[in-house]
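Below is one structure, written out as structure tokens; comments come after it.
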Amino acid sequence: MADKIKVALNGYGTIGKRVADAVMRQGDMTLVGIAKTKPDYEAYAANKKGYPIYAVEPAKAEPKFKSAGIPIAGSNLDMIKKADIVVDCAPEGLGEENKKNIYDKLDKPAIFQGGEEHEVAGTSFNAAANYNEAIGKKYVRVVSCNTTGLCRLIYAIEKAFGIQKARVVLVRRGGDPNDAKRGPINGIVPDPIHLPSHHGPDVQTVLPNINIDTAAMKVPTTLMHMHFVNMTLKKKPSRDEVLAALRQWPRLWLIPSWYNIKFTGDAMEFGREMGRPRNDIMENAIWEESVTIDPQGEFNVFQAIHQESDVVPENIDCIRAMTGAEKDGMKSMEKTNKALAIGNFNPWKLTPP
Ligand code: NAD
């Protein structure tokens with residue numbers, strides 16, 4: 001059997017801790033360790049899980065870890081040297097610094113997150129849309145939560161019917177559940193006021209030929225983003241044909257009306273019901289009832305995106321692509337989906353009441 005891919009997690013917050021757990025669930029990967037700047041509840045939990053903890057800026061961090069009684073295995077540089085690939089989940093903008101100061105110097109392949117500019121990596125990634133472009137690359141960026149959700153949907157529809165023009169309104173969560181600094185806590189913020197928002201151009205870093213306009217606003221919620229998506233299609237499919245095309249993709253969860261999921265709170269509650277780690281919904285949550293083909297052949301839909309977790313499976317596929325461990329994107333997605341139980345929200349095999 002081939003050696004397992006050795007993965008290091010540099011940055012262990014909202015995204016990093018989820019990617020670390022997902023790595024642990026893959027049969028072909030092993031976690032070298034996680035890097036933390038200081039001891040806190042996440043470090044406590046990581047230690048309880050048996051993850052080796054390495055210190056970012058050890059001179060400053062070591063005494064703090066020592067007094068908290070959390071053992072550290074060395075510096076994040078020590079960790080990265082032992083790994084085949086690093087997943088950088090440091091806060092927005094620090095990935096670029098880490099590239100210059102660490103990965104370039106150690107000549108280590110790295111995956112960046114959506115908070116970094118496309119240019120930091122030169123390749124932006126979505127597993128369904130452009131897996132092949134990441135094969136063998138040294139640096140790749142997994143696009144943001146919103147862009148990931150859009151790329152999945154847009155790619156599925158583009159492949160099946162062709163897209164003349166996509167128009168998207170994004171209603172974005174103000175912050176993550178553990179984030180006290182962001183907002184708004186009252187009101188609705190056009191963000192940005194000028195059009196388009198960055199999401200359209202970001203989709204084009206993965207799917208350059210898609211003609212897309214996006215507008216975004218922020219609202220006081222921590223439970224998922226919501227997209228309203230309208231597309232003018234090149235072909236004129238029936239609604240059933242569109243549903244059949246979407247059902248081919250386990251990362252697109254078509255919520256049947258009889259689930260009675262009325263809003264993002266219900267969707268997250270379903271994550272709890274299904275025993276998902278941290279209640280995560282890694283799939284696009286698409287309201288099947290909202291899938292509409294109007295008389296002019298325009299496609300309309302509502303989808304919710306769980307900002308904390310939808311990029312997790314994409315990071316796992318990106319690891320396989322960059323290391324060359326799996327050259328077939330569909331096979332990688334299958335492995336990832338199986339390991340993370342992605343697709344088990346889909347009711348197709350159930351008989352509706
Ligand atoms: P976070 O703040 O929750 O976690 C970042 C972690 O990195 C923290 O534990 C922080 O202490 C640590 N850190 C700080 N400096 C570091 C350094 N120099 N080296 C290593 N670690 C360091 O952030 P997050 O929400 O997980 O975001 C990480 C990246 O993922 C960003 O690029 C962000 O834009 C992107 N992203 C976030 C979300 C989301 O909704 N939270 C969704 C998709 C993508």
Side-chain angles (χ1 to χ4, degrees), residues 11 13-16 18 88-97 112-121 124-126 129 141-154 163 165-208 210-231 262-265 267-268 280-287 290 300-312 314:
T14 302
I15 303 299
R18 287 172 165 82
D88 186 294
C89 295
E92 198 173 314
L94 280 184
E96 185 174 7
E97 296 296 309
F112 301 97
Q113 305 304 311
E116 306 304 319
E117 298 295 328
H118 167 77
E119 290 68 28
V120 170
S124 289
F125 179 82
N126 172 261
R141 176 183 76 127
V142 169
V143 288
S144 73
C145 46
N146 276 309
T147 307
T148 293
L150 287 175
C151 285
R152 286 177 184 164
L153 177 69
I154 288 172
I163 296 169
K165 173 89 186 176
R167 304 163 195 90
V168 183
V169 178
L170 301 98
V171 179
R172 298 169 53 204
R173 59 89 178 98
D176 291 338
N178 69 347
D179 188 349
K181 289 189 189 136
R182 294 169 75 168
I185 57 165
N186 186 19
I188 300 170
V189 185
D191 182 38
I193 292 176
H194 62 84
L195 299 177
S197 68
H198 74 274
H199 305 92
D202 207 33
V203 166
Q204 288 166 331
T205 64
V206 176
L207 293 163
I210 296 295
N211 181 1
I212 179 169
D213 270 344
T214 52
M217 55 195 107
K218 276 197 300 190
V219 296
T221 181
T222 61
L223 302 178
M224 310 178 89
H225 305 290
M226 181 77 79
H227 300 166
F228 174 71
V229 183
N230 164 274
M231 299 188 213
K262 299 289 187 206
F263 76 125
T264 52
M268 294 303 301
D280 286 348
I281 298 180
M282 291 168 279
E283 300 89 341
N284 294 22
I286 299 174
W287 275 270
S290 74
N300 296 300
V301 74
F302 276 123
Q303 66 171 5
I305 300 298
H306 184 215
Q307 76 280 359
E308 298 173 277
S309 69
D310 75 325
V311 298
V312 171
E314 313 300 324

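Computed from a predicted model, the values in this text were never measured in an experiment.
Interatomic distance, I15 CD1 to D88 CG, rounded to the nearest 0.5 Å: 12.0 Å. From M268, atom CE reaches atom CG of L223 across 6.5 Å, with rounding to the nearest 0.5 Å. Rounding to the nearest 0.5 Å gives a distance of 9.5 Å between OG1 of T148 and CZ of F125. In this structure, CD1 on I305 lies 13.0 Å from CZ on R172, to the nearest 0.5 angstrom. For the atom pair L150 CG and I210 CD1, the distance stands at 11.0 Å (nearest 0.5 Å). Separation of atoms CZ (R173) and NE2 (H225) is listed at 4.5 Å; rounding is to 0.5 Å.
When side chains are defined from C-beta on, V312 does not count as touching D280, because their heavy atoms never get closer than 4.5 Å. Residues M231 and L153 form a side-chain contact, since some pair of their non-hydrogen atoms from C-beta on lies under 4.5 Å apart. Side-chain contact between D176 and Q307 is present, with heavy atoms from C-beta onward closer than 4.5 Å. The shortest side-chain heavy-atom distance between R18 and V311 does not fall under the 4.5 Å cut-off. Using a 4.5 Å cut-off on side-chain heavy atoms (C-beta onward), M217 and V169 make contact. When side chains are defined from C-beta on, V171 does not count as touching F228, because their heavy atoms never get closer than 4.5 Å.
Contact detail for G175 and R182: the closest heavy-atom pair is CA-CB, 4.3 Å. Closest approach of Q113 to C89, counting heavy atoms only: NE2-SG, 3.8 Å. In terms of heavy-atom proximity, G115 sits nearest to E92 at O-CG, 3.1 Å. Nearest approach of C151 to V206, heavy atoms of both residues: SG-CB, 3.9 Å. Listed here is the closest heavy atom pair of D310 and C145: OD2-O, 2.8 Å. Across all non-hydrogen atoms, the minimal contact from M224 to A304 is CE-CB, 3.8 Å.
Between K165 and D213, at least one side-chain N (NZ, or NE/NH1/NH2) sits under 4.0 Å from a carboxylate O, which counts as a salt bridge. Between E314 and R152 a salt bridge is recorded (basic side-chain N to carboxylate O distance below 4.0 Å).
Shown here is I188, whose CD1 atom has no more than 12 heavy atoms of other residues, nucleotides or ligands within 6.0 Å. Within a 6.0 Å radius of CZ in F302, other residues, nucleotides and ligands contribute 12 heavy atoms or fewer.
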**OP:** Tell me, with the steps shown, if D179 and T222 meet side chain to side chain contact (heavy atoms under 4.5 Å, CB included).
**Re:** CA-CA 9 Å; D179 188 349; T222 61; over 6 Å; no
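No donor-acceptor pair under 3.5 Å is formed between the side chain of Q303 and the backbone N or O of A285. Listed for the N284 side chain is a donor-acceptor partner under 3.5 Å among the backbone atoms of G149.
Qualifying side chain to side chain contact (heavy atoms under 4.5 Å, CB included) partners for T214, counting only residues two or more places apart in sequence or in other chains: V168, L170, P196, S197, H199, I212.
The only member of E119, H118, Q204, E117 that meets side chain to side chain donor-acceptor pair (under 3.5 Å) when paired with S124 is H118.
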